[in-house]
Amino acid sequence: MRVVVTGGAGFIGSAVVRHLLNETDHAVHVLDKLTYASTLTSLDSVSGNRRYGFTKADICDASAVKAVIEEVDPDVIVHLAAESHVDRSIDGPGAFIETNLVGTFVLLQAARAHWSRLPEPRKARFRFHHVSTDEVFGALGDEGLFTEETAYDPRSPYSASKAGSDHLVRAWWHTYGLPITVTNCSNNYGPYHFPEKLIPLMIVKALAGEPLPVYGRGENVRDWLYVDDHARAIRLVFEKAAPGSTYNVGGRAERTNMEVVLGVCAALDRLRPRADGKGYADQIAFVTDRPGHDFRYAIDCSRIEADLGWSQTETFETGLAKTVAWFLENEDWWGAILARNYSGERLGLKQP
Ligand code: NAD
Ligand code: DAU
């Protein structure tokens, strides 16, 4: 099949592109605006593949989106392009409304125009797969899990914009019959993770000898999934799931933020001990909490396990060890980001 991947130069998008080119026969065309969060070097290992193509374009630009879809003539559109960082959505929500809401609308319209002209059986097989987040469900207390039936209750500008995009995608199915699928996934981590997010930020700050900023008391809980396990789930859903269906994807790996940071420190202590003989945990510093900080996310992923046979291959411990080792071996990749795009300053406290 021919697959257009929006946001393919980002963290999860590049994992999806590498997975599709390495593990399937699909042709893959990346459509990406190349914002601060993108790194084309994440695609270096596959960019020479004859089944790979790339266009720099903004999903809000209707004529550019139309041109890419006409050129590629896709069987599947996998939509990952988004503004993705909660702290940046607190500082400046406008870009989140533009890309996540307006951009998704523009893409849906272009996908609908393309799909409506496809001959059978390509028309029946076409999929618009929307990649979303567990944050649309709001925050949990100490108990319970998000299921596919949990009511939406987003609380940050980021999660509200993603919730709105999910509603648009489902509306295009119910109203126009566009064959969509949706996944709502928990926190991803792994290689090529942009160092504004918790795990890579802690790794690069630890190595620089800087304080490790833990928001509040580090008691908030996230459910962690290794990014390649997410990429496989996305492929399974767009290849096998019924149009109109939704699947939650999660790691069954709930950890408090302190547990995560201590895990990063322990891995670094093993792999790159500090010269002064002390542990990296000495660098942990509690800082002002994130405004509106959701307490806990946790996903019930039994539907995708039962229906599609998906399961994760990495535990949090094996995935974290691989991730820390990858960052130690790929300083060129993240060093270039720190030099050009983001140098690790605190985000999310400005009043827009
Ligand atoms: P990311 O920030 O690493 O990458 C986003 C990519 O989208 C970048 O390459 C960027 O250049 C591109 N992009 C942004 N605005 C664009 C626009 N207007 N037009 C075209 N391209 C644009 O994001 P990520 O962490 O890889 O997340 C990918 C998707 O998965 C997002 O939709 C996000 O909401 C969702 N998601 C992320 C996680 C997570 O833990 N990171 C979990 C669940 C869902
Ligand atoms: O749950 C899925 C979501 O996970 C995705 O939809 C988002 O795109 C992705 O960014 C992620 O959102 P979070 O806000 O959970 O991820 P982040 O890495 O920013 O923060 C994880 C937790 O760590 C959160 O409770 C805030 C905390 N934190 C974060 C940073 C950057 C800190 O304590 N210190 C930090 O410096």
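It should be emphasised that the depicted structure is a prediction, and the values quoted were computed from it without experimental measurement.
We find the CG-CG distance between N187 and D223 to be 7.5 Å, quoted to the nearest 0.5 Å. Taken from OG in S186 to CG in L145, the straight-line distance is 11.0 Å, to the nearest 0.5 Å. For the atom pair CD (E70) and NZ (K66), the distance works out to 4.0 Å, reported to the nearest 0.5 Å. Between the CZ atom in F286 and the CG atom in D289 there is a gap of 11.5 Å [rounded to 0.5 Å]. Separating the CH2 atom in W173 from the CD1 atom in I180 is a distance of 7.5 Å, to the nearest 0.5 Å. Taking NE2 of H29 as the start and CG of D73 as the end, the distance is 12.5 Å to the nearest 0.5 Å.
Defined by atom type and a distance below 3.5 Å, a donor-acceptor pair is present between the side-chain atoms of D229 and T313. Of the N and O atoms on the side chains of S343 and E345, at least one donor lies less than 3.5 Å from an acceptor on the other residue. At a cut-off of 3.5 Å, with distance as the only test, no side-chain donor of S89 or D87 sits close to an acceptor on the other residue. Side chains of T246 and R170: a donor-acceptor N/O pair is present below 3.5 angstrom, by distance only. In this model, a donor atom of one side chain and an acceptor atom of the other lie less than 3.5 Å apart for R235 and H19. Looking at S38 and T35, their side chains never bring a donor and an acceptor atom within 3.5 Å of each other. Looking at T147 and D300, their side chains never bring a donor and an acceptor atom within 3.5 Å of each other. Of the N and O atoms on the side chains of N184 and D166, at least one donor lies less than 3.5 Å from an acceptor on the other residue. Donor-acceptor pairing under 3.5 Å is lacking for the side chains of Q312 and R232. Between the side chains of W224 and E254, no donor N or O sits under 3.5 Å from an acceptor N or O. When only modelled atom types and interatomic distance are considered, T183 and H129 share a side-chain donor-acceptor pair under 3.5 Å. Side-chain contact of T104 with H130: a donor-acceptor pair under 3.5 Å is absent, judged by distance alone.
Put simply, the side chain of E83 reaches to within 4.5 Å of the side chain of N100, judged on heavy atoms. V102 places none of its side-chain heavy atoms less than 4.5 Å from the side chain of T99. For the pair C301/W310, a side-chain contact is recorded, criterion being any heavy-atom separation below 4.5 Å from C-beta on. The side-chain heavy atoms of N257 and R222, taken from C-beta on, include a pair separated by under 4.5 Å. Two residues are said to be in side-chain contact when any heavy atoms from C-beta on lie closer than 4.5 Å; H26 and F238 meet this criterion. Counting only heavy atoms from C-beta outward, the side chains of F327 and I199 never approach each other to under 4.5 Å. Taking 4.5 Å as the limit, some side-chain heavy atom of I203 sits within range of a side-chain heavy atom of V324. The shortest side-chain heavy-atom distance between L108 and L178 falls under the 4.5 Å cut-off.
The local environment of NZ in K197 is crowded, with over 12 non-hydrogen atoms from other residues, nucleotides or ligands closer than 6.0 Å. For E120, the CD atom sits in a packed shell: over 12 heavy atoms of surrounding residues, nucleotides or ligands are nearer than 6.0 Å. Annotation: K278, atom NZ; neighbour count of heavy atoms from other residues, nucleotides and ligands within 6.0 Å does not exceed 12.
Judged by the 6.0 Å and 45° rule, R252 forms no cation-pi pair with F316. Figure legend: cation-pi geometry between R272 and Y280 absent, as NZ or CZ is not positioned both under 6.0 Å from the six-membered ring centre and within 45° of its axis. Cation-pi geometry between R290 and Y215 is not met: the NZ or CZ atom fails to fall both under 6.0 Å from the ring centre and inside 45° of the normal. Remark: R112 qualifies as a cation-pi partner of Y176 under the 6.0 Å distance and 45° angle criteria applied to the six-membered ring.
No donor-acceptor distance shorter than 3.5 angstrom exists from the side chain of D75 to the backbone of M1, with no hydrogens or angles considered. Listed for the R296 side chain is a donor-acceptor partner under 3.5 Å among the backbone atoms of G141. Checking side-chain atoms of N341 against main-chain N and O of A37 turns up no donor-acceptor pair under 3.5 Å. Judged by distance alone, the side chain of T133 and the main-chain N or O of E135 form a donor-acceptor pair under 3.5 Å. Within the 3.5 Å criterion, the main-chain N or O of K33 finds no donor-acceptor partner in the side chain of D58. Judged by distance alone, the side chain of Q283 and the main-chain N or O of P211 form no donor-acceptor pair under 3.5 Å. A distance-only check finds a donor-acceptor pair linking the side chain of R51 to the backbone of L21 [under 3.5 Å].
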Walk me through it: do F295 and L140 pass the test side chain to side chain contact (heavy atoms under 4.5 Å, CB included)? CA-CA 6 Å; F295 175 60; L140 292 163; over 6 Å; no
Go through the steps for H167 and Y152 under the test ring pair (Phe, Tyr, Trp, His ring centres under 6.0 Å), then give the verdict. CA-CA 10 Å; H167 292 323; Y152 274 36; 5.0 Å; yes
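The aromatic ring centres of W333 and Y192 sit less than 6.0 Å apart. Taking the ring centroids of F137 and Y297, they lie at or beyond the 6.0 Å cut-off. Aromatic pair Y189/Y226: ring centres closer than 6.0 Å. The ring of H114 has its center closer than 6.0 angstrom to the ring center of F126.
Salt bridge present: R255 and E317 bring a charged side-chain N and a carboxylate O closer than 4.0 Å. In this structure, R88 pairs ionically with E196, as a charged nitrogen and a carboxylate oxygen lie closer than 4.0 Å. Taking the charged nitrogens against the carboxylate oxygens, D44 and R18 have no contact shorter than 4.0 Å, which rules out a salt bridge. The pair R155-D153 meets the salt-bridge criterion, since a charged nitrogen lies less than 4.0 angstrom from a carboxylate oxygen.
The hydrophobic cluster containing I90 does not contain Y36, counting ILVMFWY residues as joined when their side-chain heavy atoms lie under 4.5 angstrom apart, directly or transitively. Hydrophobic clustering keeps I304 apart from V227 (ILVMFWY residues linked when any side-chain heavy atoms are closer than 4.5 Å, directly or through intermediates).
Of all heavy-atom pairs between A241 and T181, the closest is CB-CG2, 4.1 Å. Residues P213 and K205 approach most closely at CD-CD, 3.7 Å, considering heavy atoms.
Ring-plane geometry between F96 and Y158 is classed as perpendicular, the angle between the planes exceeding 60 degrees on a 0 to 90 degree scale with a lower cut at 30.
None of L80, L31, V131 except one satisfies the side chain to side chain contact (heavy atoms under 4.5 Å, CB included) rule with V5; the exception is L80.
Legend: residues meeting side-chain contact (heavy atoms from CB on, under 4.5 Å) with P273, ordered by chain and number and at least two apart, are absent.
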